[in-house]
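Just so you know, these numbers come straight off a predicted model, no measurement behind them. Numbers here are sequence positions counted from 1.
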Amino acid sequence: MTEIGLTGKVLSGTPRDPLNVVDLVYNPDGGPRPDVLITDAGSYSDVVFGIVTMLGFDYRPVLADLSDTKLGRVDARADYGMLDKAARGRVDLDKIRRHWPDVLRVIASVHTREISAHDVIRVLQHDGRLTDLGEAVAHYGRIFKTRHVLAFADDPDYRRHLKGMRNLQEGRHGLWDALREQAYPVLDADAARLSAYQYRHINVHGHYTFALPELDGARRPLRDPDAVEE
């Protein structure tokens with residue numbers, strides 16, 4: 001399995017909406033699809049876990065408020081020992097089985113780009129509440145969310161990997177600041193290419209707003225290819 005390691009490509013996206021990151025990956029110009037998606041601390045709902053996992057990604061969000069995170073359990077009567085109180089979320093396998101064919105159809109629609117992963121959330125909700133199909137996806141995602149939480153809490157190497165990926169992205173911006181402090185010539189045009197997501201006028205939906213020049217109905221002259229760029 002090809003995994004995003006310390007030399008891998010970091011995908012920029014909103015930490016509260018990893019489905020936007022998935023849509024970027026599924027874009028025809030998105031390049032090779034990663035196996036692992038790591039996002040910063042934020043919202044990581046059961047539904048998101050279900051969608052991202054069924055799309056074939058290993059979703060690893062950095063956890064916030066780990067002590068308050070709810071784990072899932074299949075058997076409501078089982079004794080999970082020290083984890084019994086934390087495992088207060090139900091995983092209803094029967095509900096997953098009943099809706100499994102429809103769940104696969106929705107996920108297949110994302111694979112074929114008939115619908116975006118971001119818009120799947122709207123399909124799975126009605127009046128702000130999950131439909132039966134949405135609940136089936138949530139129950140499925142709860143399994144993998146639980147596995148992620150347990151690995152995060154128990155495996156130092158797992159946590160170290162997540163931290164390394166976060167530091168990689170943050171370090172890209174910190175490097176340019178450090179070079180400037182050392183009086184190294186850093187061009188703003190080069191720093192601007194670090195990530196498009198540091199600019200407010202660009203969002204993950206691909207809609208952009210720019211201040212257009214006043215041309216008075218005329219066309220802007222073509223750039224001289226032999227001219228020296230400033």
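Atom NE2 of H111 has more than 12 heavy atoms from other residues, nucleotides or ligands within 6.0 Å. Within a 6.0 Å sphere centred on CG of D154, heavy atoms belonging to other residues, nucleotides or ligands number 12 at most.
For the side chain to side chain contact (heavy atoms under 4.5 Å, CB included) criterion with V137, the lone passing option out of D46, I51, T131, T53 is I51.
Atom OG1 of residue T146 and atom CG of residue L71 lie 5.0 Å apart, to the nearest 0.5 angstrom. Atoms CG and OH, from D75 and Y80 in turn, are 6.0 Å apart once rounded to the nearest 0.5 Å. Note that CZ of R129 is 15.0 Å distant from CG of L124, once rounded to the nearest 0.5 Å. In this structure, CG on D155 lies 10.5 Å from CG on L162, to the nearest 0.5 angstrom.
In this structure, H139 and K95 approach most closely via the heavy-atom pair CD2-CD, 3.9 Å. Heavy-atom minimum distance, L55 versus A117: CD1-CB, 4.4 Å. Nearest approach of L130 to A138, heavy atoms of both residues: CD1-CB, 4.1 Å. When every heavy atom of D102 is checked against every heavy atom of R105, the shortest pair comes out as OD1-NH1, 2.6 Å. Nearest heavy-atom pair, A87 versus G72, reported as atom, atom and distance to 0.1 Å: CB-O, 4.4 Å.
Between the side chain of R60 and the backbone N or O of H148, no donor-acceptor pair lies under 3.5 Å. R73 contributes no side-chain N or O that, together with a main-chain N or O of R88, makes up a donor-acceptor pair within less than 3.5 Å. The backbone N or O of I115 lies less than 3.5 Å from no partner atom in the side chain of S109, so there is not a single donor-acceptor pair. R142 contributes no side-chain N or O that, together with a main-chain N or O of G89, makes up a donor-acceptor pair within less than 3.5 Å.
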Do V48 and Y59 pass the side chain to side chain contact (heavy atoms under 4.5 Å, CB included) test, and can you show the C-alpha distance, the side-chain angles, and the key distance before you say yes or no?
-> CA-CA 9 Å; V48 169; Y59 180 39; 3.9 Å; yes

Run the numbers on Y140 and V103 for side chain to side chain contact (heavy atoms under 4.5 Å, CB included), then give the verdict.
-> CA-CA 10 Å; Y140 183 86; V103 169; over 6 Å; no

